[in-house]
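Notes follow once the structure below has been shown.
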Amino acid sequence: MQVLERPWGRMHVRVEGDGPLVLLANSLGTDLRLWDDLLPLLPPGLRVARFDKRGHGLSDLGGAVTVEDLADDAVALIESQGGPAVVMGVSIGGMIAQALALRRPDLVRALVLSNTAARLGTPDSWAARIAQVEGQGLAAISDGIMERWFAPAFRATPQLASWRNMLARTSPDGYVACCRALARADLTADAPALSCPVLMIAGTQDGASPREVVEATARLIPNARLAVLDAGHLPMAETPEAFAAAVSPFLKEHAHA
Ligand SMILES: O=C(O)CC1=CCC(=O)O1
């Protein structure tokens, strides 16, 4: 097992392959296995680094956290690999990717921002989510969250149970800490300063960050292009082939730059 020691504790990381670096940042309530089905479909000759953000998967939590703190963890992983990287993040992972590129543009060749925006939800919606998790636990809300994550056809497959387990087994403290980070995070004013090439991915059936929300952020970013997939919030898990087809030309163009 690979671990990066951080001031707040141990961060579980996984680095595979050899070649130009691609860093992956996953979403709220998922761990680095989110990308398992996608990885074999990506172009060969890449070194892919992923991590369990604080309070998720096998990583410690430490304490309160901001999106900028999570971006600093990603910076540490890129630096440990000799950076720079193409950074690909989904949902809160996409906000981590944006914050990283704003803080350390020297470490980012390009961004893939999947099913994300400059701001996700509202302080009130996150307060309601936190109250639900603290009151009922993650297992009790996981069926409702699956409707946000996946399109109806995917929810009818046997795979759904594994994703529900991943969410339900997430540390409630880690999950709530990231909800609090999301409640505070608003990169709207900073998005126009993202200067690297950006590919944004939206899903026609995304119940968490709808296509219009993704498109609104794409319009703020000077060098952004948009791909729309017929999928829900986590297309790298739901339709990995379509996701790979959308991102591979961009990765080939920018990973070696
Ligand atoms: O659980 C959700 O609502 C989806 C989501 C929002 C932020 C994130 O990372 O996932």
Verify side-chain hydrogen bond (donor to acceptor under 3.5 Å, both in side chains) between Asn115 and Ser209, making sure each step is shown before the conclusion. CA-CA 6 Å; Asn115 302 77; Ser209 52; 4.9 Å; no

List the steps and the verdict of side chain to side chain contact (heavy atoms under 4.5 Å, CB included) for Gln159 and Phe150. CA-CA 11 Å; Gln159 292 180 59; Phe150 296 118; over 6 Å; no

List the steps and the verdict of salt bridge (Lys or Arg N to Asp or Glu O under 4.0 Å) for Asp31 and Arg169. CA-CA 11 Å; Asp31 61 42; Arg169 293 172 189 173; over 6 Å; no

Would Asp69 and Thr66 count as a side-chain hydrogen bond (donor to acceptor under 3.5 Å, both in side chains) if you check the C-alpha gap in whole Å, the side-chain angles of each, and the deciding distance to 0.1 Å? CA-CA 5 Å; Asp69 293 332; Thr66 64; 3.2 Å; yes

Tell me, with the steps shown, if Asp230 and Thr239 meet side chain to side chain contact (heavy atoms under 4.5 Å, CB included). CA-CA 9 Å; Asp230 182 19; Thr239 53; over 6 Å; no

Kindly determine whether Asp37 and Met236 satisfy side chain to side chain contact (heavy atoms under 4.5 Å, CB included), including the steps that lead there. CA-CA 7 Å; Asp37 290 347; Met236 62 295 302; over 6 Å; no

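Considering only heavy atoms from C-beta on, Arg14 stays 4.5 Å or farther from Leu24 through its side chain. Annotation: side chain of Val65 is not in contact with side chain of Trp8 (no heavy-atom distance under 4.5 Å). Residues Met200 and Ile221 meet the side-chain proximity criterion, which asks for heavy atoms closer than 4.5 Å. Residues Leu28 and Cys179 meet the side-chain proximity criterion, which asks for heavy atoms closer than 4.5 Å. Residues Leu23 and Leu100 meet the side-chain proximity criterion, which asks for heavy atoms closer than 4.5 Å. No side-chain heavy atom of Leu194 sits less than 4.5 Å from a side-chain heavy atom of Leu187. Within the 4.5 Å cutoff, no side-chain heavy atoms of Thr30 are placed close to those of His56. Contact of the Ser114 side chain with the Met88 side chain is not registered, since no non-hydrogen atoms from C-beta on lie closer than 4.5 Å.
Closest heavy-atom contact between Trp149 and Gly29: CH2-O, 3.5 Å. Closest non-hydrogen pair, Ala237 versus Trp163, comes out as CB-CZ2, 3.5 Å. Ser248 approaches Pro43 most closely through the heavy-atom pair OG-CD, 3.4 Å. Here the closest non-hydrogen pair linking Gln136 and Ala140 is O-CB, 3.5 Å. The two residues Ile92 and Leu70 have their closest heavy-atom pair at CD1-CD1, 4.0 Å. Closest non-hydrogen pair, Ala25 versus Trp35, comes out as O-CZ2, 3.4 Å.
For the atom pair CD1 (Ile141) and CZ (Arg129), the distance works out to 6.0 Å, reported to the nearest 0.5 Å. Note: Glu147 CD to His233 NE2 = 14.5 Å, rounded to the nearest 0.5 Å. To the nearest 0.5 angstrom, Leu229 atom CG is 11.5 Å from Glu241 atom CD. In this structure, CG in Asn223 is found 8.5 Å from OG in Ser195, a value given to the nearest 0.5 Å. To the nearest 0.5 Å, atom OG of residue Ser142 and atom CG of residue Asn165 are 8.5 Å apart. Distance CG/Leu120 to OG1/Thr217: 8.0 Å, rounded to 0.5 Å.
Annotation for Arg184: atom CZ counts as buried by contact number, over 12 foreign heavy atoms lying within 6.0 Å. The environment of Arg6 atom CZ is dense: over 12 non-hydrogen atoms of other residues, nucleotides or ligands sit within 6.0 angstrom.
A side-chain donor-acceptor contact under 3.5 Å links Thr157 to the backbone of Phe154. Although no hydrogens or angles enter the test, the distance criterion places a donor-acceptor pair under 3.5 Å between the side chain of Lys53 and the main chain of Ser27. A distance-only check finds a donor-acceptor pair linking the side chain of Thr170 to the backbone of Leu167 [under 3.5 Å]. The backbone N or O of Ala255 lies less than 3.5 Å from a partner atom in the side chain of Arg109, making a donor-acceptor pair. Here the side chain of Trp126 pairs no donor or acceptor atom with the backbone of Cys178 at under 3.5 angstrom. When atom types are taken as modelled, the side chain of Glu238 and the backbone of Ala231 share no donor-acceptor pair closer than 3.5 angstrom. Looking only at distances, a side-chain donor or acceptor of Arg47 sits under 3.5 Å from a matching main-chain atom of Gly19. With hydrogens and angles disregarded, a donor-acceptor distance shorter than 3.5 Å links the side chain of Gln98 to the backbone of Ala117. Under a 3.5 Å cut-off, the side chain of Ser59 and the backbone N or O of Asp52 do form a donor-acceptor pair.
By the rule that hydrophobic residues join a cluster once side-chain heavy atoms approach within less than 4.5 Å of another member, Leu41 and Ile201 end up as members of separate clusters. In the hydrophobic cluster analysis, where Ile, Leu, Val, Met, Phe, Trp and Tyr join through side-chain heavy atoms closer than 4.5 angstrom, Val213 is grouped apart from Ile96. When hydrophobic clusters are built by joining Ile, Leu, Val, Met, Phe, Trp and Tyr residues whose side-chain heavy atoms come closer than 4.5 Å, directly or via intermediates, Val90 is grouped together with Leu251. By the rule that hydrophobic residues join a cluster once side-chain heavy atoms approach within less than 4.5 Å of another member, Leu32 and Tyr175 end up as members of separate clusters. There is a path of hydrophobic side-chain contacts, each under 4.5 Å, that joins Leu34 to Leu46.
One side chain, Thr188 or Asp186, offers a donor N or O that lies under 3.5 Å from an acceptor on the other.
Checked against salt bridge (charged side-chain N to carboxylate O under 4.0 Å, His left out), Asp72 has the following partners two or more places apart in sequence or in another chain: Arg103.
We find that Glu5 and Arg10 are joined by a salt bridge, their nearest charged nitrogen and carboxylate oxygen being less than 4.0 Å apart. With respect to the salt-bridge test (charged N to carboxylate O, under 4.0 angstrom), the residues Arg211 and Asp206 do not qualify.
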